[in-house]
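As the structure is a computational prediction, the values presented were derived from the model and not from experiment.
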Amino acid sequence: GTTTARTESSLFLDDLRGKVEKGKGLTKLAKIVTETPRTKIATYTFGKSIRNIFDWGHPKCEKTNQSKYRVKPHPNPDRVKDTTFLTPTQISSETQLPSKQWINCGSGTLGKLYVEILSCHDLPNVDVGGEAVGNLTDAFVSVVYEDSCAMTDVIDDELSPHWLPWTQRAFCFGIICPTSSLYLGVFDHDLKIGDYHPIGRVAVNVSNLRRNTSYNLKYNLYPTANLIDRTAVGSIRIRIRLECLDERKFLLETLLKPHPRIHVNV
């Protein structure tokens, strides 16, 4: 994928580390898509279908005359009026802003891996009915790293979904082994519990990252890990940074300690 790297200032790192580890209103309990009650999903799905039928018109931006689209899954709670409808340009700009809430994951103490799921592009439509009735893929991303698994919010009816800074998209993983890979899987959220349609996945080699550097990465998604004769099913963009707490210990663990065997039951 394409990569953009930017060295972060120590002030920014200290500020973010403090917010993630001490709280200050930024961390919260993760919502897990697969734990949502069936009745709640059914009610929401019915309401979404009705909205799709009647929500054909789009307001215009007064300055650019671009069409505005309803922000999903919800507007910024602090700026509801300004973020209920945004143009595609505004959505892209908002997506790049720092995340407002971080979720702590994992039991590792060697360092921290900060992962933000920003967007997916050109996903296939796996929902019944298709664009004719406004029924498109309801995407969410599952993030697996070492001994933990986290999930983003669901973005309904979008083939190029964006996760905005106020949504569940940012995760801080404790590092057990420096050579562990990060696994990202994109799924379609369905009404039937436990029947989530896998769309594509990618493995990120975290050991290639320069420490204390922020990367904005784009990866192709593939439906299988088979390297022979496979076709991309869209792409995913993430922002990621690796921070180690003790350089010497981090290096020794990389060179001398065998990779632990971890099983994540999800």
Check: Taking side chain as C-beta onward, heavy atoms only, is Leu110 less than 4.5 Å from Lys249?
Finding: yes
Checklist line | Residues that Leu251 engages under side-chain contact (heavy atoms from CB on, under 4.5 Å), provided they are two or more places apart | finding: Leu255
Notebook entry, point to check: So, for Tyr219 and Val202, which heavy atoms are closest and what is the spacing to 0.1 Å?
Noted result: CB-CG2, 3.9 Å
Check: Considering residues at least two apart in sequence or located in another chain, which fulfil the ring pair (Phe, Tyr, Trp, His ring centres under 6.0 Å) criterion with Phe187?
Finding: Phe140
Item checked: Ala232: side-chain contact (heavy atoms from CB on, under 4.5 Å) partners, not counting sequence neighbours -> Asn220, Tyr222
Next item on the list: Specify the closest pair of heavy atoms between Cys172 and Lys112, including all atoms of both residues, with the distance to one decimal.
Entry: SG-CD, 3.6 Å
Note to self: Which residues pass the side chain to side chain donor-acceptor pair (under 3.5 Å) test with Thr167, not counting sequence neighbours?
What the structure shows: none
Checklist line | Beyond-backbone contact of Val204 with Tyr183, side-chain heavy atoms, under 4.5 angstrom | finding: no
Note to self: If we check side chain to side chain contact (heavy atoms under 4.5 Å, CB included) with Val186, which of these qualifies: Ile199, Ile117, Val233?
What the structure shows: Ile199
Margin query: How close do Gln101 and Gln168 get, counting heavy atoms only, and between which atoms?
Written below: NE2-N, 3.7 Å
Item checked: Residues Ile240, Tyr114; criterion side-chain contact (heavy atoms from CB on, under 4.5 Å); working and verdict -> CA-CA 5 Å; Ile240 186 171; Tyr114 298 93; over 6 Å; no
Check: Can you find a heavy atom in the side chain of Asp157 that is under 4.5 Å from one in the side chain of Asp138?
Finding: yes
Next item on the list: Side-chain contact test, heavy atoms from C-beta onward, threshold under 4.5 Å: evaluate it for Arg70 versus Thr84 and give yes or no.
Entry: yes
Next item on the list: Report yes if some heavy atom in the side chain of Tyr145 is under 4.5 Å from a heavy atom in the side chain of Ser180; otherwise report no.
Entry: yes
Item checked: Residue pair Val154 / Asp156, side-chain heavy-atom distance below 4.5 Å -> yes
Note to self: Could you work out, with side-chain contact (heavy atoms from CB on, under 4.5 Å) as the rule, every residue matching Ser119, not counting sequence neighbours?
What the structure shows: His121, His162, Arg237
Notebook entry, point to check: Who pairs with Ser207 by side chain to side chain donor-acceptor pair (under 3.5 Å), at least two apart in sequence or on another chain?
Noted result: Asn205
Check: For the atom pair SG (Cys244) and CG (Leu209), what is the distance rounded to the nearest 0.5 Å?
Finding: 12.0 Å
Next item on the list: Would you give the length of the straight line joining atom CD1 of Ile238 to atom CG of Asn216, rounded to the nearest 0.5 angstrom?
Entry: 9.0 Å
Notebook entry, point to check: Quick one: does Asp188's side chain have a donor or acceptor within less than 3.5 Å of a partner on Ala139's backbone?
Noted result: no
Margin query: Rounded at 0.5 Å granularity, tell me how far OG in Ser107 sits from CD in Glu146.
Written below: 7.5 Å
Next item on the list: Kindly write out the residues that satisfy salt bridge (charged side-chain N to carboxylate O under 4.0 Å, His left out) with Arg79, not counting sequence neighbours, or none if the list is empty.
Entry: Glu94
Notebook entry, point to check: In Å and rounded to the nearest 0.5 Å, what is the OH to OG distance from Tyr196 to Ser142?
Noted result: 11.5 Å
Item checked: Val71: partners by side-chain contact (heavy atoms from CB on, under 4.5 Å), with sequence neighbours left out -> Leu86, Leu164, Trp166
Checklist line | Those residues that, when tested against Arg230, pass side chain to side chain donor-acceptor pair (under 3.5 Å) (two or more places apart) | finding: none
Next item on the list: Go through the structure and list residues passing side chain to side chain donor-acceptor pair (under 3.5 Å) with Asn208, not counting sequence neighbours.
Entry: none
Check: Do side-chain atoms of Ser148 reach the backbone of Cys105 as a donor and acceptor pair under 3.5 angstrom?
Finding: no
Next item on the list: Can you measure from OH (Tyr69) to CZ (Phe85) and round to the nearest 0.5 angstrom?
Entry: 11.5 Å
Check: So, Ser99 side chain and Pro165 main chain: donor-acceptor pair closer than 3.5 Å or not?
Finding: no
Checklist line | Heavy-atom donor-acceptor pair, Asp147 side chain to Gly106 backbone, under 3.5 Å | finding: no
Note to self: Per the salt bridge (Lys or Arg N to Asp or Glu O under 4.0 Å) rule, what does the pair list look like for residues 113-125, sequence neighbours excluded?
What the structure shows: Glu116-Arg169, Glu116-Arg239
Item checked: Side chain proximity check, Thr152 to Phe171, heavy atoms < 4.5 angstrom -> yes
Checklist line | Distance in Å, Leu118 CG paired with Trp163 CH2, rounded so as to fall on 0.5 Å steps | finding: 9.5 Å
Notebook entry, point to check: Is it the case that more than 12 heavy atoms not belonging to Phe250 sit under 6.0 Å from its CZ atom?
Noted result: yes
Margin query: For the backbone of Thr87 and the side chain of Gln90, can you confirm whether one donor and one acceptor N or O come within less than 3.5 Å of each other?
Written below: yes
Check: Per the side chain to side chain contact (heavy atoms under 4.5 Å, CB included) rule, which among Ile236, Leu136, Leu221 passes with Leu123?
Finding: Leu221
Notebook entry, point to check: Should Arg211 and Glu243 count as an ion pair when the cut-off is N to O under 4.0 Å?
Noted result: no
